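Got a structure here, written out as structure tokens. Questions coming.
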Amino acid sequence: MTVITSTVYSRDLGDELRRLRETCTDLGGRAMAIRLGWDPSKMSTIEHGKARASEIDLVQFLTACGKDVDFFEEFRRRYEKAFDEYIVQVPDNTRTMAFAEATAKTITSYDPRSVPGLSQTPEYADALYRLGGLIAEERIPTIVQFRIERQAILGRHDRPTCLFYIHEHALQQKVGDDQIMEDQCAKLLFGAPEIRIVPAHVVVPSSGCVLWEYEKAYPVAFGETDLAKVFVQDPGAIARTRLIFDHLDEVALSAEQSRSKLAEYVSPPREEFDGRGPRLA
């Protein structure tokens with residue numbers, strides 16, 4: 001067993017192993033370690049993603065959980081890259097992202113094109129997924145439900161401290177109908193996370209990013225496109241991400257100004273809503 005700095009993906013896969021032990025056996029962590037001939041501390045570090053398990057370790061663990069060779073090969077393939085500083089996943093793989101959010105101490109994000117997923121209404125999320133026809137219609141309700149369930153972390157007593165930068169262009173783009181946009185802006189206005197609006201005239205040289213910070217682990221930068229999700233723990237990339245947020249702090253409206261700006265988008269007269277700018281009440 002080689003001790004390596006953990007990543008959000010190694011912690012995610014370690015948590016997957018823990019859940020397999022709990023659902024496929026009646027053994028606690030210590031009892032499982034004894035059965036495998038391991039020190040209990042080894043079991044803990046593997047299940048917390050703090051150390052890379054060897055292939056023999058994985059064979060022993062997964063066999064004890066009743067898994068076959070096909071399951072082992074599929075898990076081993078994913079586990080090979082678990083401790084890399086750059087992790088690339090397909091767009092519809094959302095488990096690692098949800099795990100990263102749920103375990104973060106602070107979440108800072110910037111989105112130039114849409115409302116952040118943790119602040120979306122169900123109707124806005126549904127309309128957004130229907131744009132472009134990239135997702136099969138029958139899958140959309142399930143995907144929307146998962147997105148809304150992710151927002152449960154904001155209601156926890158130990159919820160992460162969140163700061164969401166949103167470009168005003170995201171508010172000006174009409175996703176769904178007038179009522180959907182009005183309700184979405186109201187959720188931003190009265191929701192829990194702090195919102196900072198980047199004015200429409202400001203150009204920000206970034207396609208959007210997220211920074212997750214943890215109490216006892218290295219920070220993780222995240223970005224996504226239509227083609228991939230990317231998780232990064234490279235120190236240089238983290239430093240560049242912090243510079244982006246430093247710049248956004250300078251150009252964005254203050255929290256109070258942002259609330260005033262959001263209020264301009266709530267309760268608009270329907271005949272004036274053409275999607276090109278604020279709709280004054």
Side-chain angles (χ1 to χ4, degrees), residues 4-23 44-53 58 61-62 65 67 71-111 114 116-120 125 128-129 134-135 139 142-154 156 158-162 164 207-235 237-238 241:
I4 304 174
T5 300
S6 72
T7 69
V8 67
Y9 194 34
S10 72
R11 296 193 294 275
D12 176 26
L13 292 181
D15 187 65
E16 185 175 334
L17 290 173
R18 177 191 61 78
R19 290 187 298 107
L20 281 172
R21 171 178 57 77
E22 292 178 347
T23 56
S44 177
T45 54
I46 287 177
E47 289 190 346
H48 284 88
K50 294 180 179 179
R52 182 189 292 276
L58 292 178
F61 189 101
L62 294 175
C65 292
K67 299 304 179 182
F71 187 98
F72 165 76
E73 287 296 336
E74 189 275 336
F75 188 89
R76 181 189 62 79
R77 178 185 58 78
R78 291 186 288 138
Y79 198 76
E80 281 180 342
K81 304 294 185 181
F83 290 84
D84 290 357
E85 287 185 331
Y86 285 79
I87 302 293
V88 180
Q89 296 183 348
V90 295
D92 58 354
N93 186 340
T94 55
R95 177 187 152 82
T96 304
M97 179 179 65
F99 182 86
E101 290 175 340
T103 55
K105 186 74 173 178
T106 66
I107 301 175
T108 310
S109 75
Y110 168 61
D111 201 315
S114 62
L118 288 177
S119 288
Q120 291 178 6
L128 188 63
Y129 279 123
L134 299 177
I135 299 176
R139 293 184 57 215
T142 300
I143 296 173
V144 170
Q145 181 62 30
F146 179 77
R147 172 157 291 191
I148 301 307
E149 288 174 352
R150 282 168 45 205
Q151 298 178 7
I153 66 170
L154 301 180
R156 296 182 335 208
D158 59 344
R159 60 182 175 270
T161 300
C162 299
F164 298 156
S207 59
C209 56
V210 180
L211 182 65
W212 294 303
E213 298 180 89
Y214 302 91
E215 190 168 351
K216 296 182 179 180
Y218 288 105
V220 177
F222 173 77
E224 63 180 324
T225 69
D226 294 334
L227 304 178
K229 297 181 186 294
V230 183
F231 302 80
V232 184
Q233 282 188 211
D234 169 56
I238 298 298
T241 302

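Given the structure is predicted, the values throughout are model-derived calculations rather than measurements.
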* To do: Apply the test side chain to side chain contact (heavy atoms under 4.5 Å, CB included) to residues Ile143 and Asp92: give CA-CA distance (whole Å), side-chain angles for both, the deciding distance (0.1 Å), then the verdict.
  => CA-CA 9 Å; Ile143 296 173; Asp92 58 354; over 6 Å; no

* Begin with the C-alpha distance, continue with both residues' side-chain angles, and end with the deciding distance and a verdict on side chain to side chain contact (heavy atoms under 4.5 Å, CB included) for Glu16 and Tyr79. => CA-CA 11 Å; Glu16 185 175 334; Tyr79 198 76; over 6 Å; no

* Starting at CG of Asp158, measure out to CD1 of Ile153 and round the result to the nearest 0.5 Å. =>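 Answer for the CG-CD1 pair, Asp158 versus Ile153, is 10.0 Å.
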
* Out of curiosity, Gln145 CD to Ile148 CD1, how far, rounded to the nearest 0.5 Å? ->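 If I round to the nearest 0.5 Å, the distance is 7.5 Å.
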
* Does CD belonging to Glu149 count more than 12 external heavy atoms closer than 6.0 Å? ->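 Atom CD in Glu149 is crowded, with more than 12 foreign heavy atoms closer than 6.0 Å.
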
* If you round to the nearest 0.5 Å, how far is CD of Gln89 from CG of Asp12? ->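 Output value for this atom pair is 7.5 Å.
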
* Looking only at atom types and distance, does a side-chain atom of Gln233 sit under 3.5 Å from a main-chain N or O of Phe83, one as donor and one as acceptor? ->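 Judged by distance alone, no pair lies under 3.5 Å.
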
* To do: Take Lys67 and Phe61, measure what side chain to side chain contact (heavy atoms under 4.5 Å, CB included) needs, and give me the verdict at the end.
  => CA-CA 9 Å; Lys67 299 304 179 182; Phe61 189 101; over 6 Å; no

* Identify, with sequence neighbours excluded, every residue that meets side chain to side chain contact (heavy atoms under 4.5 Å, CB included) alongside Asp234. =>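 Side chain to side chain contact (heavy atoms under 4.5 Å, CB included) list for Asp234, sorted by chain: Glu85, Tyr86, Val232, Ala237, Arg240.
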
* For Arg150, side-chain hydrogen bond (donor to acceptor under 3.5 Å, both in side chains) partners two or more places apart ->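 Arg150 satisfies side-chain hydrogen bond (donor to acceptor under 3.5 Å, both in side chains) with Glu101 once adjacent residues are dropped.
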
* **Residue pair Glu73, Arg77: steps toward the salt bridge (charged side-chain N to carboxylate O under 4.0 Å, His left out) verdict** => CA-CA 6 Å; Glu73 287 296 336; Arg77 178 185 58 78; over 6 Å; no

Could you tabulate the donor-acceptor pairs under 3.5 Å formed by side-chain atoms of residues 216-224, not counting sequence neighbours?
residue: Glu224; atom: OE1; partner: Lys229; partner atom: NZ; Å: 2.8

* Would you please test Ile87 and Thr96 for side chain to side chain contact (heavy atoms under 4.5 Å, CB included) and show each step? => CA-CA 10 Å; Ile87 302 293; Thr96 304; over 6 Å; no

* Using 4.0 Å as the upper bound for N to carboxylate O, is an ion pair formed by Arg78 and Glu74? ->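 Arg78 and Glu74: salt-bridged.
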
* State, with a plain yes or no, whether a side-chain heavy atom of Thr108 is found less than 4.5 Å away from one of Thr161. =>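 A side-chain contact is absent here, since even the closest heavy-atom pair is not under 4.5 Å.
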
* Asked: Nearest heavy-atom pair of Asp84 and Thr7: which atoms, and what distance?
  ->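 Closest approach of Asp84 to Thr7, heavy atoms only: O-CG2, 3.6 Å.
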
* To do: Write down the atom of Ile107, the atom of Phe164, and the distance for their closest heavy-atom approach.
  =>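 Here Ile107 and Phe164 meet closest at CG2-CE2, 4.1 Å.
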
* **Nearest-0.5 Å distance, NZ of residue Lys50 to OG of residue Ser10** =>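 Nearest 0.5 Å value for the NZ-OG distance: 10.5 Å.
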
* In Å and rounded to the nearest 0.5 Å, what is the OG to CZ distance from Ser44 to Arg18? ->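 So the gap between those two atoms works out to 11.5 Å.
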
* To do: Heavy atoms only: give me the nearest Arg156-Ala102 pair and the separation to one decimal.
  =>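 What the structure gives for the nearest pair is NH1-O, 2.9 Å.
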
* Asked: At their closest point, which heavy atom of Ser6 faces which heavy atom of Arg11, and how far apart are they?
  ->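 That closest heavy-atom pairing would be OG-NH1, 2.9 Å.
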
* To do: Please list, chain by chain and in numerical order, all residues satisfying salt bridge (Lys or Arg N to Asp or Glu O under 4.0 Å) with Asp111, sequence neighbours excluded.
  =>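 Partners of Asp111 under the salt bridge (Lys or Arg N to Asp or Glu O under 4.0 Å) test: none.
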
* **Residues forming a salt bridge (Lys or Arg N to Asp or Glu O under 4.0 Å) with Arg19, sequence neighbours excluded** =>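 For Arg19 the salt bridge (Lys or Arg N to Asp or Glu O under 4.0 Å) partners, ignoring immediate neighbours, are Asp15.
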
* Asked: Out of curiosity, Lys105 NZ to Thr103 OG1, how far, rounded to the nearest 0.5 Å?
  ->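 Interatomic distance, Lys105 NZ to Thr103 OG1, rounded to 0.5 Å: 12.0 Å.
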
* Pairing residues for Ala100 by the side chain to side chain contact (heavy atoms under 4.5 Å, CB included) criterion, not counting sequence neighbours ->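 With neighbours one apart ignored, the set is Val8, Trp212, Tyr214.
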
* Main-chain N/O of Ala82 paired to Arg52 side chain as donor or acceptor, under 3.5 Å ->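 Not confirmed, Arg52 side chain does not pair with Ala82 backbone.
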
* Asked: Between Pro116 and Ser109, which heavy-atom pair has the shortest distance, and what is it?
  ->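 Nearest pair, atom of Pro116 first, then Ser109: CG-OG, 4.2 Å.
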
* Looking only at heavy atoms, what is the nearest atom pair of Gly117 and Arg147, with distance? ->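 Distance-wise, the nearest heavy atoms are O-CG, 3.8 Å.
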
